[in-house]
Amino acid sequence: MAAAAAAAVLSSGRFYALIGFEIHVKLATTTKMFSSSSSAPAQATNSQVTPHDMALPGSMPYFNRACLEAGVRAALGLNCQINKASHFERKHYFYPDSPSGYQITQQRFPFASNGVFKYPLLVKRDKLKSSTKYKFVDTPKSFVLKQCRIERIQLEHDTGRSIHDEPQHCTLIDLNRCGTGLIEIVTKPDIQSSLEGESFLRELNRLLLKYGICETSGLETALRIDANVSLHRTDTKPDGSRVEIKNLGSFIDVRQAIDFEIKRQEQILSANSSIEKETRTYDTNKHQTIHLRRKEDQIDYRFMIEPNLPPLYLYDDSDKHKYQKDLVNIDEIKRDLPISPLEERKEILEKYKDFLTAEHLNELLRLDMNDYFCDVMSQLDNNHLRHIALEVLLNDVKSISFDGRKIRKFAQAVSPSLFADIINHVDQRIITRFSLYTLLTLCNKNRDSTRTLKSFLDEHNMYAINDQNQMEQICSKALEENPKQIVRYQTNPKKAIEQLHASVCKKYHGHPHVYSILFFSNDFPTISFDEANTTPTNHDGSGSTKTNTN
């Protein structure tokens with residue numbers, strides 16, 4: 001509902017939205033940014049803490065080089081200007097899980113700034129182009145590319161974690177996370193809808209994983225996102241007012257929170273009131289944003305240069321001779337980077353151009369199936385099998401994984417090799433296309449990774465019936481049980497065939513192979529079915545109805 005309401009607000013022509021993100025990324029390093037403590041998650045409480053993490057007097061920070069290298073990779077991926085000299089600062093504020101009373105960051109002197117990041121707009125396409133028996137037919141289209149400016153990327157460390165014990169009326173502090181390395185990516189307010197916001201964040205997440213900047217987790221994303229949302233009348237300029245939505249942990253939450261906030265602000269503006277600066281949070285149960293605190297004045301964090309850390313210097317090949325060899329070389333990191341997700345998709349389109357279009361790949365991206373698709377393609381021998389796999393992914397697997405939200409669990413349960421084996425069995429007519437969905441659902445629910453396809457087929461008796469005599473008996477019986485469909489065939493042959501086909505498949509659980517099903521009757525023509533759809537067709541894929549009056 002919120003999505004439709006927000007879309008209506010933006011399409012009315014009366015308002016426009018400006019959205020910017022502050023994105024915190026946990027760096028994939030083994031130790032923290034300023035201490036030797038392990039940064040591994042989910043460890044025993046307060047088991048990964050040094051004197052510096054606890055802010056004990058006399059403890060000194062020392063910088064983790066791996067954090068800077070990860071930051072440079074992110075800056076290169078986001079096409080930022082890398083500043084060869086930057087500074088660490090203390091950002092002072094009191095909070096129980098920050099024992100030092102300040103955070104070490106780079107608010108005024110970041111190591112990277114002024115970037116531009118291009119991302120594909122993940123437009124939802126419920127209906128793909130129709131397909132023939134052997135390949136998808138579509139006019140190749142390029143992705144709809146948008147871009148968002150990056151204001152800055154800064155290095156900083158994370159705080160600890162507060163654990164609220166309500167029965168005991170106290171708050172406990174776990175400092176395991178305190179000091180963990182982060183980069184904060186701050187964007188310009190270039191995003192104009194929740195669709196653009198989700199598309200941007202998904203592409204950013206792909207880039208960060210591809211470049212080894214952050215690690216995958218059990219969550220949808222390893223990012224923590226603050227969204228700044230402001231709605232304005234089309235005849236006015238932005239006045240700087242905005243609402244900050246804190247700590248969004250998934251792409252779905254980001255999309256829903258932005259949609260709700262756009263509608264909420266539209267109601268305020270329509271009542272001739274003004275939007276007040278405030279910080280809100282998103283309630284995932286009620287699907288709405290909730291007020292946290294006002295932002296009446298700019299907070300004075302009393303920034304000061306960190307006295308215990310020297311300036312941060314970088315160099316490249318052009319000035320290598322000026323600096324020591326143990327410093328980080330920008331060009332050296334750039335040479336070691338893999339290709340970007342955008343360039344990788346261009347290679348995928350070229351490699352599978354015989355059956356894959358940009359529209360198909362865009363749908364795979366929207367459903368978060370791109371990596372799984374590539375793994376499956378590598379397991380299959382030819383494009384004929386690959387186009388079948390593509391169709392199954394964009395139909396059966398899409399339905400099973402609930403619009404892509406559970407694709408990671410599906411990929412764990414149904415490995416690319418198992419999926420490829422299933423496709424081969426379908427092509428060899430050992431499994432029917434009709435029973436494929438049921439088979440994939442059973443495999444998806446299975447949690448034993450050692451099970452083979454044969455064990456599923458044996459247990460559930462899902463082998464196709466290919467014996468001609470047996471199928472003729474099945475079809476003749478179907479005609480006897482459905483005399484109305486014989487009469488209906490004279491006026492609506494397509495619907496009659498569909499009903500007879502559904503009747504046979506329902507009764508025999510999809511076992512009869514629909515390529516070879518023949519219906520016989522004195523006044524009933526011989527008709528065969530294409531397996532990929534239920535419309536009458538010749539086996540040569542021409543799509544015309546074939547009759548036999550003999």
Is the backbone of [Y] close enough, under 3.5 Å, to the side chain of [X] for a donor and an acceptor to pair up by distance?
| X | Y | value |
| --- | --- | --- |
| Asp190 | Arg149 | yes |
| Gln412 | Phe410 | no |
| Asp53 | Asn176 | no |
| Gln379 | Pro416 | no |
| Ser98 | Tyr95 | no |
| Arg255 | Ala3 | no |
| Ser199 | Leu195 | yes |
| Asp174 | Asn46 | yes |
| Arg161 | Arg177 | no |

Is the closest basic N to carboxylate O distance between [X] and [Y] below 4.0 Å?
| X | Y | value |
| --- | --- | --- |
| Glu156 | Lys91 | no |
| Asp316 | Lys84 | yes |
| Glu198 | Arg202 | yes |

Between [atom1] of [X] and [atom2] of [Y], what distance do you get to the nearest 0.5 Å?
| X | Y | atom1 | atom2 | value |
| --- | --- | --- | --- | --- |
| Lys263 | Ser270 | NZ | OG | 7.0 Å |
| Arg242 | Ile19 | CZ | CD1 | 13.5 Å |
| His52 | Ser36 | NE2 | OG | 11.0 Å |
| Leu393 | Ile400 | CG | CD1 | 10.0 Å |
| Leu76 | Asp331 | CG | CG | 8.5 Å |
| Ser39 | Leu182 | OG | CG | 10.5 Å |

Would Leu207 and Tyr119 count as a side chain to side chain contact (heavy atoms under 4.5 Å, CB included) here? Give the steps.
CA-CA 10 Å; Leu207 179 81; Tyr119 61 94; over 6 Å; no
Please find the pair of heavy atoms, one from [X] and one from [Y], that lie closest to each other, and give the distance.
| X | Y | value |
| --- | --- | --- |
| Ala413 | Cys443 | CB-O, 3.7 Å |
| Lys210 | Pro338 | O-CG, 3.6 Å |
| Ile339 | Glu344 | CD1-CA, 3.5 Å |
| Asn83 | Pro110 | ND2-O, 2.9 Å |
| Ser38 | Lys32 | O-CE, 3.7 Å |
| Cys214 | Leu209 | O-CD2, 3.7 Å |

Tell me which one of Ile268, Asp239, Val229 satisfies side chain to side chain contact (heavy atoms under 4.5 Å, CB included) with Ile275.
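Filter result, single survivor: Ile268.
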Using the ring of each side chain (for Trp, its six-membered ring), is [X] parallel, tilted or perpendicular to [Y], with breaks at 30° and 60°?
| X | Y | value |
| --- | --- | --- |
| Tyr282 | His287 | tilted |
| His157 | Phe34 | perpendicular |
| Phe63 | Phe88 | tilted |

Tell me, yes or no, whether the heavy-atom count around Tyr93 atom OH, taken from other residues, nucleotides or ligands under 6.0 Å, exceeds 12.
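Atom OH in Tyr93 is packed in, count exceeds 12.
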Flag if over 12 foreign heavy atoms under 6.0 Å of NZ, Lys188
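At most 12 heavy atoms, drawn from other residues, nucleotides or ligands, come within 6.0 Å of this atom.
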Evaluation steps, side chain to side chain contact (heavy atoms under 4.5 Å, CB included), between Met304 and His92
CA-CA 9 Å; Met304 60 173 284; His92 293 87; 3.5 Å; yes
Side-chain contact, heavy-atom cut-off 4.5 Å: [X] with [Y]?
| X | Y | value |
| --- | --- | --- |
| Ser274 | Ser241 | no |
| Leu312 | Gln106 | yes |
| Thr279 | Asp226 | no |
| Thr289 | Val243 | no |
| Arg280 | His291 | yes |
| Leu121 | Leu145 | no |
| Asp97 | Thr171 | no |
| Asp158 | Lys26 | no |

Can a side-chain donor-acceptor contact be found between Thr441 and Asn444 if the only test is distance below 3.5 angstrom?
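Thr441 and Asn444 do not have a side-chain donor-acceptor pair below 3.5 Å.
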Carefully, step by step, assess Phe21 and Val254 under the rule side chain to side chain contact (heavy atoms under 4.5 Å, CB included).
CA-CA 10 Å; Phe21 293 121; Val254 170; 4.0 Å; yes
Can Arg90 be said to sit on top of Tyr102's aromatic six-ring, NZ or CZ under 6.0 Å from centre and within 45° of the ring axis?
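Yes, Arg90 sits over the ring of Tyr102.
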Reference residue Glu203; test salt bridge (charged side-chain N to carboxylate O under 4.0 Å, His left out); the match among Lys146, Lys118, Arg345
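Running salt bridge (charged side-chain N to carboxylate O under 4.0 Å, His left out) over Lys146, Lys118, Arg345 with Glu203 returns exactly one hit, Arg345.
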For the pair Glu69 and Arg65, evaluate salt bridge (Lys or Arg N to Asp or Glu O under 4.0 Å) and give the outcome as yes or no after the intermediate values.
CA-CA 6 Å; Glu69 292 173 340; Arg65 176 192 178 102; 2.9 Å; yes
Just do the side chain to side chain contact (heavy atoms under 4.5 Å, CB included) check on Gln147 and Phe117 with the steps written out, would you?
CA-CA 5 Å; Gln147 69 177 31; Phe117 184 56; over 6 Å; no
